[in-house]
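So the structure is just underneath, and the comments pick up after that.
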Number of protein chains: 2
Amino acid sequence: MEVMFERLANSTLRSRIAEQLRDAIVDGTLKTGERIVERKLAAQFGASLAVVREAIIQLEAEGFITKWPNTSTHVIQLSFAETEKIFAVRKVLESFAAEEAARRASPQDIESLQKLFMEIVDAARSQDSRKFVRKDLSFHEKIWQITDNEYLQSALRRVVVPLFAFSSIRVASHRSFDLLQDANTHLPLLNAIKSRDPRAARDALLSALTLWRSETVSVAEETSSQK
Amino acid sequence: MEVMFERLANSTLRSRIAEQLRDAIVDGTLKTGERIVERKLAAQFGASLAVVREAIIQLEAEGFITKWPNTSTHVIQLSFAETEKIFAVRKVLESFAAEEAARRASPQDIESLQKLFMEIVDAARSQDSRKFVRKDLSFHEKIWQITDNEYLQSALRRVVVPLFAFSSIRVASHRSFDLLQDANTHLPLLNAIKSRDPRAARDALLSALTLWRSETVSVAEETSSQK
DNA sequence: AACTTTATTATGATCGATCATAGTGAGTTA
DNA sequence: TAACTCACTATGATCGATCATAATAAAGTT
């Protein structure tokens, strides 16, 4: 008899450390611009400096961390201008992803998108901002995944995910009313994908992006002033 | 008196090792799919295992190297399907970059693009395939750089540069006739940017891409058969 | 002979220690 | 007081050694 087992957790120590750090940055546990001290992290993880450094180097290449050689290491800090540039790229990439997703989504895909959407709404209702940001990101990542194009996914991850580090700041400072409203900005996109309409998906994504952009940019302006 | 000095070369050992490896992969010195043994590299570079590993991890995140945890490390090997996916993303990203470059190119930018184009032609004439590939890539990178959008640049690097590892295979196996012809496929794009016509730049890029795609894909088909 | 089990080895993963740099602050000189 | 020099310290960069895994070869079992 063939029993099904869950895939084992990320094998190497490095990848697990990288994952934890990435999550912490995305959900705001590690704040934008915050200094990272390799030795401290190593002590916290109970791991050697070497693995932690390897994880950090990986995250640097993924765009979450900035290293100043021989000086210091920080969580990325996006300026206003940088945020604008990211959104310019995001527009191009994610609208393509939305189109593709609308073309290729299977019933299961749509089901799990639907589920993720409801989890976003739940998180909004319960004012759990960390969960909100994580589910929000999961929703987007699911769309990227539906495209079945790993390169599109990885480019989007590289470019878009760091933005969520800002989201978590914004989101944490708002009231539940705003969260719910924000959650609902995902609905038109979800519906367009449901009805497998690439054009509509593209349009829905683009108009939602305009909204998200202005929200994010305003946070970037505030935080960048603290140098 | 104030003397001008050149910026010193890449500071850290790791970054220099990463750079050398990247170049070697791009110009075909390290072949597609080839196994990489960390210890051997460390010995060759006269450096410790740790730094070499750090460089490798960085290059993995950049898409040049694949690590099989606890098993082995290889230069990327793109399958036919993967190449197709990359070109789908490249189309979206690089056409945007071409547009932007046409909008923003300064006279100096255009001059150095022109220069790079001539260097491509030179390399083609002298049948120096390594140089050809490197200059070809430099030409594209220059365009990306003109966009003044680091995120667009890094996404393009991540997605497109690994393709050049294939180019070097293709290019090395052809006769000079083809190299020259290939060099000239860049001309319409150059001209469109020169005349600052975003629309034309986009079109030129897209039609050249169709060509490059079919060339690259054919190599991917050959090499992927070797497992 | 075919198949399983057990050394052996190659090599990736991790560690603890050391080196090197850049920022800090005490001391020194003008 | 200001500016410069020089330890000192924090911490990133690098190293050499060891651990752990997976592929391979050898030995054993049926």
Side-chain angles (χ1 to χ4, degrees), chain A residues 5 7-22 24-25 30-77 226-227, chain B residues 2 5-22 24-25 30-77 226-227:
Chain A
F5 291 106
R7 178 185 199 77
L8 286 175
N10 251 338
S11 49
T12 68
L13 186 52
R14 161 172 62 92
S15 60
R16 277 174 285 150
I17 292 177
E19 191 176 328
Q20 288 204 43
L21 288 177
R22 201 184 296 111
I25 293 173
L30 280 174
K31 295 194 179 41
T32 281
E34 182 172 347
R35 178 161 190 191
I36 288 175
V37 176
E38 302 179 349
R39 273 175 171 73
K40 283 187 190 163
L41 280 187
Q44 288 183 266
F45 283 117
S48 76
L49 204 51
V51 255
V52 171
R53 275 181 59 86
E54 291 186 350
I56 286 177
I57 286 162
Q58 184 183 333
L59 292 175
E60 188 191 19
E62 291 175 10
F64 294 103
I65 283 179
T66 307
K67 286 192 81 122
W68 300 75
N70 275 313
T71 309
S72 61
T73 306
H74 295 262
V75 177
I76 33 125
Q77 169 71 291
Q226 72 192 36
K227 174 81 209 296
Chain B
E2 183 88 359
F5 291 107
E6 295 251 314
R7 177 184 198 77
L8 286 176
N10 250 338
S11 49
T12 69
L13 185 52
R14 162 171 65 91
S15 61
R16 276 175 286 151
I17 291 178
E19 190 176 328
Q20 287 203 44
L21 288 176
R22 201 185 296 110
I25 293 173
L30 280 174
K31 295 194 180 42
T32 281
E34 184 171 345
R35 177 161 192 192
I36 288 175
V37 175
E38 303 179 347
R39 273 175 170 72
K40 283 188 189 162
L41 281 187
Q44 287 183 268
F45 283 117
S48 76
L49 205 49
V51 254
V52 171
R53 277 182 58 85
E54 291 186 350
I56 286 178
I57 285 162
Q58 184 182 335
L59 292 175
E60 188 192 18
E62 291 176 10
F64 294 104
I65 283 179
T66 307
K67 286 194 82 132
W68 300 77
N70 276 313
T71 308
S72 60
T73 306
H74 296 262
V75 177
I76 34 123
Q77 168 70 292
Q226 72 192 30
K227 169 80 206 261

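Basis for what follows: all heavy atoms, side chains included, without hydrogens, waters or symmetry-related copies. Just so we're clear, the structure is a prediction, and the values are computed from it rather than from any experiment.
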Check your understanding: Which of residues 52-64 of chain A sit near DNA chain C, with a heavy atom under 4.0 Å from it?
Key -> A:Glu54
Rounded to whole angstrom units, what separation is found between the [atom1] atom of [X] and the [atom2] atom of [N]?
X: A:Leu13; N: C:dG12; atom1: CG; atom2: P; answer: 18 Å
X: A:Arg16; N: C:dA13; atom1: CZ; atom2: P; answer: 13 Å
X: B:Gln44; N: C:dT11; atom1: CD; atom2: P; answer: 13 Å
X: B:Arg14; N: C:dA20; atom1: CZ; atom2: C1'; answer: 16 Å

Just verifying a value: how many Å separate [X] [atom1] and [Y] [atom2], rounded to the nearest 0.5 Å?
X: A:Ile36; Y: A:Ile65; atom1: CD1; atom2: CD1; result: 3.5 Å
X: B:Gln20; Y: B:Arg22; atom1: CD; atom2: CZ; result: 11.0 Å
X: A:Thr32; Y: A:Ile76; atom1: OG1; atom2: CD1; result: 5.5 Å

Distances under 3.5 Å only, N/O to N/O: pair up the protein atoms with those of nucleotides 16-24 of chain D.
from   : atom 1 : to      : atom 2 : distance (Å)
D:dT18 : O4     : B:Arg39 : NH2    : 3.4

Review point. Got a donor-acceptor contact below 3.5 angstrom from the A:Arg16 side chain to the A:Ser11 backbone?
Key: yes
Point to revise | Reference residue B:Leu41; test side chain to side chain contact (heavy atoms under 4.5 Å, CB included); the match among B:Gln44, B:Glu38, B:Arg39 | key: B:Gln44
Practice item. Kindly write out the residues that satisfy side-chain hydrogen bond (donor to acceptor under 3.5 Å, both in side chains) with A:Arg14, not counting sequence neighbours, or none if the list is empty. Key: A:Gln58
**Study point:** Short side-chain N/O contact from B:Lys40 to OP1 or OP2 of C:dA10, under 4.0 Å
**Key:** no
Practice item. List the steps and the verdict of side chain to side chain contact (heavy atoms under 4.5 Å, CB included) for A:Gln77 and A:Thr66. Key: CA-CA 8 Å; A:Gln77 169 71 291; A:Thr66 307; over 6 Å; no
Practice item. Pick base, sugar-phosphate or nothing for B:Ile17, based on heavy-atom distances below 4.0 Å to the nucleic acid. Key: nothing
Review point. If you take all heavy atoms of A:Ala55 and A:Ala18, which pair is closest and at what distance?
Key: CB-N, 3.8 Å
Study note, to complete from the structure: Of the listed D:dT14, C:dT14, D:dG12, the closest approach to the B:Val51 side chain comes from D:dT14
